[in-house]
There are 2 protein chains.
Amino acid sequence: MKMKVKVKNKSRLDDFNKYKSHKGLKTSQKRLSIIEYFLKEDRHFSVEELYYEVKKVYPKVSYSTVYRTLKLLADSGLARICSFGDGTTRFEPAHKAEHHDHLVCQRCGTIIEFKSTEIELLQKKIAQKHNFLVVLHKLELYGLCANCKKKARRH
Amino acid sequence: MKMKVKVKNKSRLDDFNKYKSHKGLKTSQKRLSIIEYFLKEDRHFSVEELYYEVKKVYPKVSYSTVYRTLKLLADSGLARICSFGDGTTRFEPAHKAEHHDHLVCQRCGTIIEFKSTEIELLQKKIAQKHNFLVVLHKLELYGLCANCKKKARRH
DNA sequence: TTTACTGCAAATTATTTGCATGGAA
DNA sequence: TTCCATGCAAATAATTTGCAGTAAA
């Protein structure tokens with residue numbers, strides 16, 4: 001089980017290495033640490049979160065480096081930008097973005113992922129009708145999660 | 001035909017007036033002009049677009065006023081925030097946002113609206129499964145529009 | 001050695017806010 | 001007259017960039 005995850009991330013890291021040598025980049029410890037953490041956690045991150053995470057290992061790391069690394073990840077196709085309208089940008093591993101959508105709780109900020117092949121199919125149909133080539137999609141449902149709904153009822 | 005649109009917008013303006021008196025607000029010419037233009041055009045606007053539009057009538061209008069008015073519109077429920085990941089915030093009439101989604105061309109920026117009751121139905125089901133109360137949804141398909149697809153093929 | 005990578009501070013961009021003044025009610 | 005609305009300039013906040021020093025290749 002654990003093995004599988006490791007192998008998956010390794011292949012993603014390989015993708016990045018290909019991109020890296022193609023662009024003539026170097027491998028710094030900090031950058032590697034950011035990328036590994038990002039892939040290991042396998043969920044969406046705000047720049048701030050990632051910054052503080054990496055700071056634990058490299059206390060001198062700067063926002064610039066985190067921003068620059070995330071940009072590289074996005075360019076190489078490993079990360080996707082996904083913001084939830086709170087004024088900050090978030091990134092998530094591209095392979096997840098492909099087939100996951102989000103329920104976003106407006107009260108507590110919890111984000112629940114879901115997937116629906118039925119919706120994806122309908123999206124494809126709509127795109128076809130408009131002769132549109134879909135590169136990526138984004139579906140978010142905003143509202144109250146089960147917990148906050150319960151709390152709201154109490155008052 | 002024209003009549004119908006006018007009546008529709010009038011009723012929205014009435015909604016705003018209700019909100020206005022509830023909040024003890026006043027009616028300034030500039031604010032009214034922004035709101036009327038926003039409702040008349042009935043599509044999404046960046047703050048910048050709206051600013052320059054209003055500037056034609058009131059050359060001295062400031063960004064502050066546009067921002068403040070759009071905030072009022074959002075608070076009163078007439079406008080919805082909808083950003084497309086280019087770093088700026090857009091607003092669209094709420095009644096449109098309710099049942100329209102977007103195809104966004106990443107090449108030329110064209111935005112095509114579509115609606116799908118089937119997808120809406122599936123969204124409801126998903127929300128139910130997670131015991132989630134949906135307040136609003138957002139579905140965007142990013143890619144190439146028919147035109148840009150054609151151009152891309154040529155080269 | 002060469003050239004990319006980093007931190008820092010300064011620059012940029014989008015948005016908000018404090019304050020004195022003008023304008024509805 | 002009483003407050004709300006406005007413009008302006010200054011303040012924030014998120015993100016980017018120039019530059020001089022540091023570290024991979």
Side-chain angles (χ1 to χ4, degrees), chain A residues 13 16-38 44-76 79-91, chain B residues 13 16-38 44-76 79-91:
Chain A
L13 216 44
F16 182 74
N17 283 329
K18 218 180 289 175
Y19 174 83
K20 197 193 71 175
S21 51
H22 170 66
K23 288 274 185 181
L25 308 178
K26 291 179 178 173
T27 317
S28 82
Q29 285 310 304
K30 280 168 194 166
R31 183 181 287 171
L32 206 59
S33 161
I34 296 172
I35 295 176
E36 279 180 343
Y37 193 85
F38 180 76
H44 35 75
F45 269 105
S46 68
V47 179
E48 202 185 0
E49 272 180 297
L50 205 46
Y51 170 70
Y52 282 110
E53 226 24 82
V54 177
K55 223 176 163 53
K56 288 180 190 165
V57 186
Y58 295 100
K60 288 203 66 183
V61 79
S62 67
Y63 264 106
S64 315
T65 297
V66 178
Y67 272 110
R68 286 192 268 230
T69 303
L70 283 170
K71 187 162 223 177
L72 278 184
L73 282 172
D75 287 348
S76 75
R80 285 246 174 102
I81 295 166
C82 74
S83 45
F84 296 125
D86 63 343
T88 78
T89 303
R90 283 150 206 280
F91 291 81
Chain B
L13 215 46
F16 182 76
N17 283 328
K18 218 180 288 175
Y19 173 83
K20 197 193 67 174
S21 51
H22 170 66
K23 288 274 184 179
L25 308 179
K26 292 179 177 173
T27 316
S28 84
Q29 285 309 304
K30 280 169 193 165
R31 184 181 286 171
L32 205 60
S33 161
I34 295 172
I35 295 177
E36 278 180 343
Y37 192 85
F38 181 76
H44 34 75
F45 269 105
S46 68
V47 179
E48 202 186 0
E49 272 180 298
L50 205 46
Y51 169 71
Y52 282 111
E53 225 27 79
V54 177
K55 222 176 164 54
K56 287 179 190 166
V57 186
Y58 295 100
K60 287 202 68 183
V61 78
S62 68
Y63 264 106
S64 315
T65 298
V66 178
Y67 272 109
R68 287 191 267 231
T69 304
L70 283 170
K71 187 162 223 177
L72 279 183
L73 282 173
D75 287 349
S76 75
R80 283 243 175 105
I81 294 167
C82 74
S83 46
F84 296 124
D86 64 343
T88 78
T89 303
R90 283 151 206 280
F91 291 82

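Order of the sequence lines fixes the chain letters, A, B, ..., with proteins taken first and strands second; residue numbering starts at 1 for each chain. Bear in mind the structure is a predicted one, so any value in this text is a computation, not a measurement.
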Rounded to whole Å, please give me the gap between [atom1] in [X] and [atom2] in [N].
{"X": "B/Ile34", "N": "D/dA5", "atom1": "CD1", "atom2": "P", "result": "12 Å"}
{"X": "B/Tyr63", "N": "D/dT12", "atom1": "OH", "atom2": "P", "result": "22 Å"}
{"X": "A/Glu49", "N": "D/dA14", "atom1": "CD", "atom2": "C1'", "result": "16 Å"}
{"X": "A/Glu48", "N": "D/dA14", "atom1": "CD", "atom2": "P", "result": "7 Å"}
{"X": "A/Tyr67", "N": "D/dA13", "atom1": "OH", "atom2": "P", "result": "13 Å"}
{"X": "B/Tyr58", "N": "D/dC8", "atom1": "OH", "atom2": "P", "result": "16 Å"}
{"X": "A/Leu70", "N": "D/dA14", "atom1": "CG", "atom2": "P", "result": "15 Å"}
{"X": "A/Asn17", "N": "D/dA24", "atom1": "CG", "atom2": "P", "result": "16 Å"}

Using a cut-off of 4.0 Å on non-hydrogen atoms, how would the nucleic acid contact of [X] be classed: base, sugar-phosphate, or nothing?
{"X": "B/Thr65", "value": "sugar-phosphate"}
{"X": "B/Ser28", "value": "sugar-phosphate"}
{"X": "B/Arg68", "value": "base"}

Quick one: list whatever passes ring-ring contact (aromatic ring centres under 6.0 Å, His included) with A/Tyr67, sequence neighbours left out. none

Aromatic contact, B/Phe91 with B/Phe45 (centres under 6.0 Å): no

5'-most contact on DNA chain D (nearest-nucleotide basis), A/Lys71 vs A/Gln29, goes to A/Lys71

Interatomic spacing from OH in B/Tyr63 to NZ in B/Lys55 - rounded to 0.5 Å: 8.5 Å

Here's a test of your reading of the structure: between B/Lys20 and B/Gly87, which maps to the more 5' nucleotide of DNA chain C? B/Gly87

5′-ward residue of the pair B/Arg90/A/Lys60 relative to DNA chain C: A/Lys60

Which nucleotide sits closest to the side chain of B/Lys26: D/dT16, D/dA25, D/dA5? D/dA5

Starting from the C-alpha separation in whole Å, work towards a yes-or-no answer on side-chain contact (heavy atoms from CB on, under 4.5 Å) for A/Leu25 and A/Leu72. CA-CA 10 Å; A/Leu25 308 178; A/Leu72 278 184; 3.9 Å; yes

Could you check whether A/Tyr52 and A/Lys56, counting side-chain N and O atoms only, form a donor-acceptor pair closer than 3.5 Å? no

Taking atom CD of B/Glu36 as the centre, report whether more than 12 heavy atoms of other residues, nucleotides or ligands fall under 6.0 Å from it. yes

Just the endpoints, please: which first and last nucleotides of DNA chain C, 5' to 3', lie under 4.0 Å from a heavy atom of chain A? C/dT3 to C/dA9

Quick one, A/Leu73 with A/Leu70, criterion side-chain contact (heavy atoms from CB on, under 4.5 Å). Give me CA distance, side-chain angles, the key distance, then yes/no. CA-CA 5 Å; A/Leu73 282 172; A/Leu70 283 170; 4.1 Å; yes

